[in-house]
Amino acid sequence: MPQEQQDRKASGESLMQALVYHGPHEMRPEMVERPPAPGAGEVLVRVKAVGVCGSDVHGYTGISGRRTPGMVMGHEFAGIVAEAGEGVDSLQLGERVTVNPLRYCGDCDSCRVGKEQICRNRRTIGVNMGKMGGFAEYVVAPASNCVPIAASVTFAEGMMAEPLAVGLHAARVAAPEARQPVLVLGGGAIGLCVLLACLEMDAQPVYVTDVVPHKLEMIARLGGNPLDGNNINLAALARATTSGAGFPTIIDAVADSSTIKQALPALAPGGTLVLVGLAKPQAEFALYDLVTQERSMKGSYAFSADEFWEAAEWINQGRVDVRPLLEATCTLEEATDMFKRKAAGEIDAVKIVVEL
């Protein structure tokens, strides 16, 4: 048994601090039971940085319905390996890691073909695993879900592997051709990660819409072409920039009724609209705009295990710079107020990082 695990048992340290969700607009730091000792193939991660995802904010307000009272949120996190279960030889105690929050069975048809994100038995840390979430001092995760982060990479940068992997997967689903234009709707953290992934895949130019001036500035800073969503006719832009054909690929990182209705007329006949946003459970769109032009609509959810690893390596190798997105930090004690302000629209930071 590792020395730290022996010390923990001997000292009776069985509690930890966590941010517990109690219902819409009700979340606060509390002392809860620490996770049990990691089982075979698992590690206990001492969380050092966790990101506030847009889906966390939608869960906090109750809009999405995808968070349940009594749980601990947080699925974008990085930390230090504090304990290791039996059979773990790929990681060392004290190793710095970023964690893939998707726990999948490895045996179903989806897992066998490398599509773990649609595993029929999938669970996600910080989404549907009770008090096992990143807004806590400790989390148990499979060792195979942990990717080491380079010494030059901060914990905040490391935890960005999760949203970057979401952007990478959406770009892979869209499959833009090199030197072909792409339109991305929404310049939040996921939309910006889609932008970074598309640029890495050599799509050019990449247009990104938003209505917040600060985010439009960020789009330009990252190498995209910003479009003010309040003052743009996307169909007209599509005709002007593609010789009348329309965008072959559009990625909607908001995916509500208004953005889908904007996207379809700007899409080329036979083109593909990829929905990666999860703002609301339902959306409406013009069926004729989809069917009569044989346009395709695809969903993009999370990422495969390989894509998470690849996104982490992009960050480790400096191929993609996520530092500009890290615009605000707070402690776990300050996170309650930060969630309230973010939900009220008082903060326009792209990514808020809770540091433990």
Side-chain angles (χ1 to χ4, degrees), residues 17-33 47 50-77 101-103 117-118 122-136 139 159 162-163 166 170 185-193 210-212 215 229 252-261 275-285 299-302 327-354 356:
Q17 191 176 40
L19 194 64
V20 182
Y21 172 70
H22 290 283
H25 300 279
E26 291 292 335
M27 191 159 60
R28 55 184 177 270
E30 297 176 7
M31 299 303 293
V32 302
E33 289 289 329
V47 179
V50 53
V52 177
C53 177
S55 65
D56 292 326
V57 178
H58 295 147
Y60 167 77
T61 61
I63 290 175
S64 70
R66 300 183 71 234
R67 302 293 188 269
T68 57
M71 71 167 292
V72 174
M73 297 189 207
H75 55 274
E76 306 171 351
F77 62 98
L102 303 183
R103 299 193 62 143
Q117 74 277 11
I118 51 175
R122 179 193 73 236
R123 294 184 298 161
T124 305
I125 296 171
V127 175
N128 54 11
M129 291 192 65
K131 287 189 169 62
M132 192 73 72
F135 292 117
V139 170
M159 67 87 188
E162 201 280 344
V166 174
L185 303 183
I190 296 302
L192 293 174
C193 285
D210 209 277
V211 297
V212 179
K215 290 181 180 176
D252 190 345
V254 181
D256 66 13
S257 298
S258 63
T259 54
I260 296 173
K261 289 176 181 177
L275 307 179
V276 64
L278 285 170
K280 297 176 183 176
Q282 297 182 345
E284 296 180 354
F285 61 91
S300 174
Y301 180 74
E327 295 194 298
T329 61
C330 68
T331 65
L332 198 64
E333 292 80 4
E334 296 166 336
T336 298
D337 183 63
M338 194 68 84
F339 264 90
K340 289 180 181 178
R341 294 173 60 200
K342 183 68 174 176
E346 297 174 4
I347 300 175
D348 61 6
V350 171
K351 181 58 64 177
I352 299 169
V353 183
V354 179
L356 287 84

Applying side-chain contact (heavy atoms from CB on, under 4.5 Å) to Leu278 and not counting sequence neighbours gives Arg66, Tyr301

When rounded to the nearest 0.5 Å, the distance separating CE of Met73 from OG1 of Thr68 is 9.0 Å

Applying side-chain hydrogen bond (donor to acceptor under 3.5 Å, both in side chains) to Glu327 and not counting sequence neighbours gives His214

Residues at least two apart in sequence or cross-chain that pass side-chain hydrogen bond (donor to acceptor under 3.5 Å, both in side chains) with Arg103, listed by chain then number, are Glu42

By side-chain hydrogen bond (donor to acceptor under 3.5 Å, both in side chains), Glu30 pairs with (sequence neighbours left out) His22, Arg28

Taken in chain and number order and not counting sequence neighbours, the residues that satisfy side-chain contact (heavy atoms from CB on, under 4.5 Å) with Val254 are Asp252, Asp256, Thr259

Residues at least two apart in sequence or cross-chain that pass ring-ring contact (aromatic ring centres under 6.0 Å, His included) with Phe135, listed by chain then number, are Phe339

* To do: Answer yes or no: are there more than 12 heavy-atom neighbours, outside Glu346 itself, under 6.0 Å from its atom CD?
  => yes

Contacts of Ala302 meeting side-chain contact (heavy atoms from CB on, under 4.5 Å) (sequence neighbours excluded), chain-then-number -> Leu102, Gln117

I want to check something: taking the side chain as every heavy atom from C-beta on, are Cys53 and Glu162 in contact at a cut-off of under 4.5 Å? no

The complete set of salt bridge (Lys or Arg N to Asp or Glu O under 4.0 Å) pairs with one or both residues in residues 53-62, sequence neighbours excluded, reads Asp56-Arg67

Sorted by chain and residue number, the side-chain contact (heavy atoms from CB on, under 4.5 Å) partners of Val211 (sequence neighbours excluded) come out as Asn230

| message | Keeping Lys340 on the side-chain end and His25 on the backbone end, is there a donor-acceptor pair under 3.5 Å? | response | no

